[in-house]
Visitor: 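Below is one structure. I have some questions about it.
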Amino acid sequence: MSKLKKLLLVLPLIIICFCSCSKDDSTQQNAVSTLEGKWQFTKEGTITNNQETLTDYQHTSDCTKDYTEILTGNILKDHYFNNPNCEETIDTGTWNKNNNSLVFSYPNEPNVNAEILELSNTTLKVKFVLSGVTYLAILTRIQ
């Protein structure tokens, strides 16, 4: 389950870095630059029969909320805060553009392709398929 949680956090960030819907290069550059920073996972869910089902992301109570950092140099860092004592775990991965999709990878895990559904200054929504199930993730910019 923690690997799925990690995938849900990372995919949206990666996709935004390389896939933007803009009409000129300056707009694309601005969209990419807005991706660098911290994004907090806020909702997760699935798509079944073209119907979205979303629920609030469950952060560990009384701890810092889990988030993902998109960094220059194709680096991603997922920050998780778990009990006991709200200890932080950081998982580091990479992202790359492959045609119209965003590909991210972590050591010893298969690559994942994601599609961006929404990107604004405050919201990132992506979808990806794992084991035949279509997942959604929504992140909110925190920095």
Side-chain angles (χ1 to χ4, degrees), residues 1-22 25 27-143:
M1 189 66 172
S2 66
K3 286 184 181 182
L4 174 61
K5 188 176 181 180
K6 182 185 349 177
L7 290 175
L8 290 173
L9 287 172
V10 176
L11 286 174
L13 297 176
I14 295 173
I15 294 173
I16 295 174
C17 289
F18 282 100
C19 301
S20 66
C21 299
S22 63
D25 289 341
T27 303
Q28 286 180 355
Q29 289 172 354
N30 290 338
V32 170
S33 67
T34 62
L35 290 177
E36 291 180 6
K38 296 179 183 179
W39 292 84
Q40 179 179 297
F41 196 74
T42 54
K43 294 202 179 274
E44 60 189 342
T46 59
I47 299 175
T48 305
N49 297 324
N50 294 319
Q51 182 67 39
E52 292 184 9
T53 303
L54 291 167
T55 59
D56 290 339
Y57 180 85
Q58 297 300 306
H59 296 280
T60 302
S61 181
D62 298 324
C63 293
T64 301
K65 294 183 178 181
D66 298 340
Y67 66 93
T68 298
E69 288 183 285
I70 297 176
L71 304 169
T72 59
N74 297 65
I75 298 170
L76 294 171
K77 289 189 178 183
D78 298 332
H79 299 258
Y80 301 102
F81 300 88
N82 300 304
N83 286 323
N85 303 320
C86 297
E87 293 178 19
E88 180 180 25
T89 301
I90 301 173
D91 293 329
T92 302
T94 60
W95 52 267
N96 287 291
K97 184 180 180 200
N98 183 6
N99 295 322
N100 292 328
S101 68
L102 186 61
V103 178
F104 74 94
S105 62
Y106 291 91
N108 304 315
E109 294 187 21
N111 291 346
V112 177
N113 295 315
E115 176 186 348
I116 189 165
L117 300 177
E118 178 183 343
L119 174 59
S120 69
N121 290 334
T122 60
T123 303
L124 171 61
K125 181 178 181 181
V126 295
K127 77 173 180 177
F128 55 97
V129 177
L130 294 174
S131 300
V133 178
T134 302
Y135 292 96
L136 294 170
I138 298 176
L139 291 90
T140 302
R141 186 183 228 342
I142 57 173
Q143 192 176 43

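Positions are given from 1 along the sequence. Note that the structure is a prediction, hence the values are computed from the model and not measured.
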Visitor: Take T48 and T53 through the test side chain to side chain contact (heavy atoms under 4.5 Å, CB included) and record every step on the way to the result.
Guide: CA-CA 8 Å; T48 305; T53 303; 5.9 Å; no

Visitor: If I take atom CG from residue N82 and atom OG1 from residue T60, how far apart are they, to the nearest 0.5 angstrom?
Guide: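 It is 4.5 Å, given to the nearest 0.5 Å.
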
Visitor: Of all heavy-atom pairs between C63 and F81, which one has the smallest distance, and what is that distance?
Guide: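 That closest heavy-atom pairing would be CB-CB, 4.0 Å.
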
Visitor: About how many Å separate OH of Y57 and CG of D66, when rounded to the nearest 0.5 Å?
Guide: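 Spacing of CG (D66) from OH (Y57) equals 3.5 Å.
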
Visitor: Does T134 have any side chain to side chain contact (heavy atoms under 4.5 Å, CB included) partners at least two apart in sequence or in another chain, and if so, which?
Guide: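 Partners of T134 under the side chain to side chain contact (heavy atoms under 4.5 Å, CB included) test: I47, K127, V129.
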
Visitor: Just verifying a value: how many Å separate F128 CZ and I116 CD1, rounded to the nearest 0.5 Å?
Guide: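 Reported to 0.5 Å precision, the distance equals 13.5 Å.
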
Visitor: Closest heavy-atom contact between S120 and W39?
Guide: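 Heavy atoms of S120 and W39 come nearest at O-CH2, 4.0 Å.
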
Visitor: Can you tell me how far CG of L76 sits from CG of L71, rounded to the nearest 0.5 angstrom?
Guide: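 Interatomic distance, L71 CG to L76 CG, rounded to 0.5 Å: 7.5 Å.
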
Visitor: How close do D62 and C86 get, counting heavy atoms only, and between which atoms?
Guide: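 For D62 versus C86, the nearest heavy atoms are O-SG, 3.6 Å.
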
Visitor: Does this structure show an ion pair linking E52 with K43, if we count only N-O contacts that are shorter than 4.0 Å?
Guide: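 Between K43 and E52 there is no salt bridge, as every charged N stays at least 4.0 Å from the carboxylate O atoms.
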
Visitor: Considering non-hydrogen atoms only, spot the tightest contact between E44 and D56 and give its length.
Guide: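 Closest pair (atom of E44, atom of D56, distance): OE2-O, 4.4 Å.
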
Visitor: Please report the shortest heavy-atom distance between K38 and Y67, naming the atom on each side.
Guide: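 Smallest heavy-atom distance, with atoms named: CD-CE1, 3.8 Å.
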
Visitor: What are the two closest non-hydrogen atoms of P107 and T92, and how far apart are they?
Guide: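 So the minimum-distance heavy-atom pair works out to CD-O, 3.6 Å.
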
Visitor: Looking at T42 and I138, would you say the former's side chain and the latter's main chain have a donor-acceptor pair under 3.5 Å?
Guide: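 Yes.
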
Visitor: Would you say the side chain of T46 lies within less than 4.5 Å of the side chain of V133, judging by non-hydrogen atoms?
Guide: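 Contact flag for V133/T46 side chains = yes.
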
Visitor: Find out whether T64 and E88 are in side-chain contact, i.e. whether some heavy atom of one side chain is under 4.5 Å from a heavy atom of the other.
Guide: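 A side-chain contact is absent here, since even the closest heavy-atom pair is not under 4.5 Å.
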
Visitor: Nearest 0.5 angstrom please: E115 CD to K125 NZ, how far?
Guide: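 Those atoms lie 11.0 Å apart.
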
Visitor: With sequence neighbours excluded, tell me which residues meet side-chain hydrogen bond (donor to acceptor under 3.5 Å, both in side chains) with E87.
Guide: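 With sequence neighbours excluded, E87 shows a side-chain hydrogen bond (donor to acceptor under 3.5 Å, both in side chains) to no residue whatsoever.
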
Visitor: Got a second to check how far Q58's CD is from F41's CZ, nearest 0.5 Å?
Guide: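 Output value for this atom pair is 10.5 Å.
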
